[in-house]
Amino acid sequence: MSSPSPTRPTRRGSSLVRRLLVLEIATVVLAAVIAGGVSAWNTRETIERNAADKMVAVAVALASSPGLADAVGARDVPRVQAAAEDTRTGTGVSFVTVMDPAGTRLSHPDPERIGETYQGTFLPAAAGATLVETFPGTLGLSVRAIVPVRAADGAVVGMVAVGQLRVQVADRIARELAILALAAAVAIALGVGLAVVAARRVKRDTLGLEPREITALHRHHEAVMAAMREGLLVLDAASGRVVVLNAEAARLLGLPATVAPSRAAGPTLAELGVDPALQERLADRSPVTDETVLVGERLLLVNRTELSGPSPDVVVTLRDRTELEAMTRELDDARSVTRALRFAAHEHANHLQAVSTLIELGAEDDARELAQRWTRDLLAGSDGELRDRIADPALAALVLDKAADARDRGLELRVGDDTALSDTEAGDEQASTDRVTVVGNLVDNALDAALQSAHAGAGGVVELDVHAAGGSVVIRVADDGPGLADPDAAFTPGWSTKDGDGPPGRRGLGLALVRRVVDRRRGSIEVAAGPDGRGTVFTVTLPVGSVPGPSAQSPVASR
């Protein structure tokens, strides 16, 4: 049993292309016919006008020739006939007739017609005027001119009629029209050929789709672009102009909704004011796959793909992982608290076991004294005092969490005695969010630095002080770690002292984010070495007044 032959894809025709081809051919033919008709009419009029002008010129030249007036006045037929025939043969006209004022012929191409009355209008010429007419004479229908012959005193002594048969004029017109018809045919052929080429180009560019299908695809494209929860940005690889920009990409990059993407006149990323870090990364021709880039105060997951072709494009996708990073930080904090609670529960279980054992041994007084001492220690170490001093609940909770995290890592977080923040000094919700971002990232980095010193056998202490001064909140974080070799570079996105710690592209963003928050709030940041030359001291001043907030919640991650 033979296997069925594979189905060949059928070439799809397009009624749009056929309609355009028919319309273009009809337009070309109609334009050529109209142009040819107008040219033919103008040519015919021009030839006839030129013929009439020639008849007048020949007649005037003969009438004013020397001796013709005397010959006409003397009725010298042989002399007049000779002059007329010389003029006829010399100019190529059909006939030259000379007559007296009464219209009697003194010359004629057919000598037998001499002496007969001229057939045609001659009275205006006899009165001294020039006349041009088309008249059926003895030789046939002709275009003729009749002019007077004047004597020396100006009296009209005769007339000269010069004519060209219409048959000869028609032959000339026919020759000219044949040339016009050939030119029109060539124009039609070229027009049809170009129409076929244009139709094929349209079919190739539209992929053979019908107008309704193109409209449907455009609507689907717009719907998909609007529904995408991922930012899509397409750039012209040659000019860097924005070709495609969906609403999500505009939101993530903080661009206005009035941006008009276009390959010819679209704006560039520099003209739109896109973050220089993203511009620099996209300008690099190396592949970009799921790379985290700090854009403003957003953490964006960037992918870059370059498409080859006649018009190469760069396709960029953007995903917002700002909230994901914040949730990751919250999860890490929750894990730290859980570990601290597990440790505290273990300690309390030991304490209860000791009290229970003393009771079983009958030492109730010792058991009571031990329980009271542990209670006093627990109350002395409670966190209620810190919550009373810091009126910002989010900041107080963050400090408590970092303290628990420090204890869990074998470190110590010392909160300065001057740390305090009243309700009026705390500011609005955005100010609280910015403080949490700054304190969280600075303390995280300080704990990492202190941990390196602790592993080396010296240090392991981080100091934190938060207080209000002059309408601003001053945050001071100090550690006893190895210090920063290049404090200015520490605020560059991607800079990190933690080699290999975490996925590529997600390290070194904490201090860069602190710098962005400080710049947005128009504050200041100072970096100095510790008092004894060890460690690093960060001093950040954040104005409390309202300032433009970030486009999204800032993550407090320091990765």
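Because only heavy atoms are used, hydrogens play no part in the values below, and waters and symmetry mates are left out as well, while side chains stay in.
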Is there side-chain contact between [X] and [Y], with heavy atoms separated by less than 4.5 Å?
{"X": "Leu511", "Y": "Leu442", "result": "yes"}
{"X": "Arg435", "Y": "Asp392", "result": "yes"}
{"X": "Thr268", "Y": "Val242", "result": "no"}
{"X": "Leu30", "Y": "Thr27", "result": "no"}

Output yes when a side-chain donor or acceptor of [X] lies under 3.5 Å from a complementary backbone atom of [Y], and no otherwise.
{"X": "Gln452", "Y": "Ala449", "value": "no"}
{"X": "Thr437", "Y": "Thr433", "value": "yes"}
{"X": "Arg304", "Y": "Leu282", "value": "yes"}
{"X": "Asn246", "Y": "Leu232", "value": "yes"}

For the pair [X] and [Y], find out whether any cationic side-chain nitrogen is under 4.0 Å from an anionic carboxylate oxygen.
{"X": "Arg516", "Y": "Asp434", "answer": "no"}
{"X": "Glu412", "Y": "Arg407", "answer": "no"}
{"X": "Arg534", "Y": "Asp479", "answer": "no"}

(message) Check this for me: Glu429, atom CD, are more than 12 non-hydrogen atoms of other residues, nucleotides or ligands nearer than 6.0 Å?
(response) no
(message) Here's a test for you: under side chain to side chain contact (heavy atoms under 4.5 Å, CB included), which of Val399, Leu400, Ile390, Val466 qualifies with Val415?
(response) Val399
(request) State which residue, out of Val316, Leu255, Leu235, fulfils the side chain to side chain contact (heavy atoms under 4.5 Å, CB included) condition with Leu269. (result) Leu235
[X] versus [Y], closest heavy-atom pair with distance:
{"X": "Arg521", "Y": "Val544", "value": "NH2-O, 3.4 Å"}
{"X": "Leu421", "Y": "Val473", "value": "CD1-CG2, 3.9 Å"}
{"X": "Val474", "Y": "Ala469", "value": "CG2-CB, 4.2 Å"}
{"X": "Ser472", "Y": "Pro543", "value": "OG-CA, 3.5 Å"}
{"X": "Ile525", "Y": "Val518", "value": "N-CG1, 4.3 Å"}

How long is the span from the [atom1] atom in [X] to the [atom2] atom in [Y], to the nearest 0.5 Å?
{"X": "Lys402", "Y": "Leu411", "atom1": "NZ", "atom2": "CG", "result": "12.5 Å"}
{"X": "Asn441", "Y": "Arg515", "atom1": "CG", "atom2": "CZ", "result": "13.5 Å"}
{"X": "Asn303", "Y": "Thr305", "atom1": "CG", "atom2": "OG1", "result": "6.5 Å"}
{"X": "Asp448", "Y": "Asp444", "atom1": "CG", "atom2": "CG", "result": "6.5 Å"}
{"X": "Leu253", "Y": "Leu272", "atom1": "CG", "atom2": "CG", "result": "8.5 Å"}
{"X": "Arg389", "Y": "Asp418", "atom1": "CZ", "atom2": "CG", "result": "8.5 Å"}

